[in-house]
Amino acid sequence: MRDQANKLLILESALTLFTDHGYDAVGVQTLCQASGITKPTLYHYFGSKQGVLQALVSTYTTTFLKELSEPLQYAGDLPRSLESISAELLSLTQRYPEALRLFLTVQHAPKSSESSRAASGFFRELKRCLRELFAAAVRDHGNMRGREDAYAVSFLATLFGYIDLVLEGLVEPGPDLPHRIMHQFSHGIYS
């Protein structure tokens, strides 16, 4: 039981430190001090600071993809699917703001960095699922054929742009926001 409590304490401290200061700016000693543990304890549980980041990303990736699994399934109504995905990711943002902030931060890290590599699996899987959703929508919207990857990337950019605005307190995550996100993606900024 103590092992689990120590691991959880380290992960919680790391999440706060990594989102407040950036992964690269946080040293192992700082992480240990914030967690109230020794370096050998951190190394015992996670092997390295990179191991801590991997554990954080893996935990939240599993949670997020599980919560998004149903909305990511195309059910014959593309606008409704996009709104459902938006609503679920906004809900996750409300429940796990630090984790989403961490994902946004590491997404923009240099591609060869430890932090970018750690989170790339989440974004790759999300893009793959969206690509499949748009590919399934082709049967109802034939003019979309061949642009599934571009739509997946464009929708992710729009969605995570809004998530960033919500996290910064610049946009209220009200009940109409999923529709606004879908509408902007579907019809552009001048509509």
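Residue numbers count from 1 along this sequence.
Relative orientation of the F185 and F134 rings is tilted, given thresholds of 30° and 60° on the angle between their planes.
Between Y60 and F103, a ring centre-to-centre spacing not shorter than 6.0 Å is recorded.
Here R128 contributes atom CZ and D149 contributes atom CG; the two are 12.0 Å apart, rounded to the nearest 0.5 Å. Note that CZ of R117 and OG of S115 are 8.5 Å apart. Values are rounded to the nearest 0.5 Å. Distance check, rounded to the nearest 0.5 Å: CG of L65 to CD of E125 gives 5.5 Å. Taken from CG in L17 to NZ in K49, the straight-line distance is 10.0 Å, to the nearest 0.5 Å. Here the OG1-CG distance, from T19 to L100, works out to 11.5 Å after rounding to the nearest 0.5 Å.
Side-chain atoms of Q29 and Q33, non-hydrogen and from C-beta on, do get closer than 4.5 Å to each other. Counting heavy atoms from C-beta on, the side chains of R124 and K127 never come closer than 4.5 Å. The closest side-chain heavy-atom distance from Y45 to I10 is below 4.5 Å. Counting heavy atoms from C-beta outward, S35 and C32 have side chains that stay 4.5 Å or more apart. Contact annotation: the side chain of E98 never approaches that of F18 to less than 4.5 Å [non-hydrogen atoms, C-beta and beyond]. At least one side-chain heavy atom of L92 sits less than 4.5 Å from a side-chain heavy atom of E67. Between I85 and L130 the shortest side-chain heavy-atom distance falls below 4.5 Å. Between L15 and L11 the shortest side-chain heavy-atom distance does not fall below 4.5 Å.
Across V106 and A119, no two heavy atoms sit closer than the pair CG2-CB, 3.2 Å. The minimum heavy-atom distance between R145 and V138, with the atom names listed, is NH1-CG1, 3.1 Å. Minimum heavy-atom separation, S86 to I181: OG-CG2, 3.5 Å. Contact between S186 and L82 at its shortest, heavy atoms only, is OG-CD1, 4.2 Å. Closest heavy-atom contact between Q94 and P173: OE1-CG, 3.3 Å.
Applying the side chain to side chain donor-acceptor pair (under 3.5 Å) test to pairs two or more places apart or on separate chains, those with a residue in residues 159-169 are R101-E168, Y162-Q184.
Tracing side-chain contacts under 4.5 Å through hydrophobic residues (I, L, V, M, F, W, Y), one never reaches L42 starting from L9; they form parts of separate clusters. A single hydrophobic cluster is not seen to contain both L56 and L8; linkage of ILVMFWY side chains at heavy-atom distances under 4.5 Å, directly or through other members, places them apart. Cluster annotation: L165 and L90 are assigned to the same hydrophobic cluster (Ile/Leu/Val/Met/Phe/Trp/Tyr, side-chain heavy-atom contacts under 4.5 Å, transitive).
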Next on the checklist: What verdict does the salt bridge (Lys or Arg N to Asp or Glu O under 4.0 Å) test give for E88 and R95, after you've listed the backbone C-alpha separation in whole Å, the side-chain angles of each residue and the deciding distance to 0.1 Å?
Outcome noted: CA-CA 10 Å; E88 188 57 49; R95 290 182 284 165; 3.0 Å; yes

Next on the checklist: Determine whether S58 and T61 satisfy the following criterion, side chain to side chain donor-acceptor pair (under 3.5 Å), listing intermediate values before the conclusion.
Outcome noted: CA-CA 5 Å; S58 176; T61 294; over 6 Å; no

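Heavy-atom contacts from other residues, nucleotides or ligands closer than 6.0 Å to CZ of R80 number 12 or fewer.
No side-chain donor from either of S81 and S84 sits under 3.5 Å from a side-chain acceptor of the other.
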May I have the list of side-chain donor-acceptor pairs in residues 153-160 shorter than 3.5 Å, sequence neighbours left out?
{"residue": "S154", "atom": "OG", "partner": "A150", "partner atom": "O", "Å": "2.8"}
{"residue": "T158", "atom": "OG1", "partner": "S154", "partner atom": "O", "Å": "3.0"}

